[in-house]
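All values reported here derive from a predicted model rather than from experimental measurement. Numbers here simply count residues along the sequence, with the first being 1.
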Amino acid sequence: MRIATLVLSLIPMAATADITVTFIEGAPKDRFVLENQGCDLGRFDVTLNLSTAPAGLIFDVTGSGAGVEVFQPVEVVSGDVILSGVTDGDQALQLTINDFDAGTSATISADLDDTQAAGALGQIRVAGAEIAGASVVGPDGNMGLFDATAQAILPTPGCIG
């Protein structure tokens, strides 16, 4: 039995890093917090895809577009993040986090609106259950889905050096 244990401990295992993405409803700005729970990833590309949520969620970035009442631009709150351009009514946002090392996080703010029948908080606020089904997609196409608690886990195979 000890030999088997020794042999298993010598076999290299691929490291994984789970990225936890949490949506936090707030007024006037909502937030997405991305936390690296695993290993150093270096430059990391991720897409927040709202189109897979049944509530018809959109980014509301201007006062004259598809959103309802209050609007906010998408902004970096913390972390070394590069945002793709997002226009009013978009359902996806691509971002790049530079030096996404183990234990670090990045936060962006945005305004999400519900374009379907008003949920528990109306169209200008998004309840956790309304974001359920939205997805987070990593650079290798790996995906995590938001649950009713407004959290998604993105499994990320492979760590750098």
Could you check whether any side-chain N or O of [X] sits under 3.5 Å from a backbone N or O of [Y], counting only pairs where one atom can act as donor and the other as acceptor?
X	Y	value
Asn36	Gly38	yes
Asp147	Thr149	yes
Asp88	Val61	yes
Thr52	Ser135	yes

Using the rule given for side-chain hydrogen bond (donor to acceptor under 3.5 Å, both in side chains), can you reason through Asn49 versus Thr47, listing the C-alpha separation, both sets of side-chain angles and the distance that settles it, and then say yes or no? CA-CA 6 Å; Asn49 183 3; Thr47 301; over 6 Å; no

Are [X] and [Y] packed together at the side-chain level, in the sense that at least one heavy-atom pair is separated by less than 4.5 angstrom?
X	Y	value
Ile82	Asn98	yes
Leu41	Ile19	yes
Leu48	Val136	yes
Leu95	Val74	no
Thr107	Ile24	no
Asp111	Asp30	yes

For a quick test of reading the model, state the closest non-hydrogen atom pair linking [X] to [Y] and the distance between them.
X	Y	answer
Thr22	Gln151	OG1-NE2, 3.2 Å
Ile131	Phe32	CD1-CE2, 4.0 Å
Leu57	Gln91	O-NE2, 3.0 Å
Pro139	Asp45	CD-O, 3.1 Å
Ala55	Glu130	CB-O, 3.5 Å
Ser105	Phe100	CA-CE1, 4.1 Å

Just verifying a value: how many Å separate [X] [atom1] and [Y] [atom2], rounded to the nearest 0.5 Å?
X	Y	atom1	atom2	value
Gln37	Thr20	CD	OG1	4.0 Å
Leu50	Leu93	CG	CG	8.5 Å
Thr156	Asp140	OG1	CG	8.5 Å
Met143	Leu154	CE	CG	10.0 Å
Arg43	Ile97	CZ	CD1	11.0 Å

Between Phe59 and Leu83, is there shared hydrophobic-cluster membership here, with clusters defined by ILVMFWY side-chain heavy atoms closer than 4.5 Å?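 Yes, because Phe59 and Leu83 connect within a single hydrophobic cluster, where side-chain heavy atoms sit under 4.5 Å apart.
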
Same cluster or not: are Phe146 and Val137 linked, directly or through other Ile, Leu, Val, Met, Phe, Trp or Tyr residues, by side-chain heavy atoms under 4.5 angstrom apart?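 Shared cluster, no.
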
Evaluate Val21 against Val46 for side-chain contact (heavy atoms from CB on, under 4.5 Å), listing each step before the verdict. CA-CA 11 Å; Val21 184; Val46 65; 5.7 Å; no

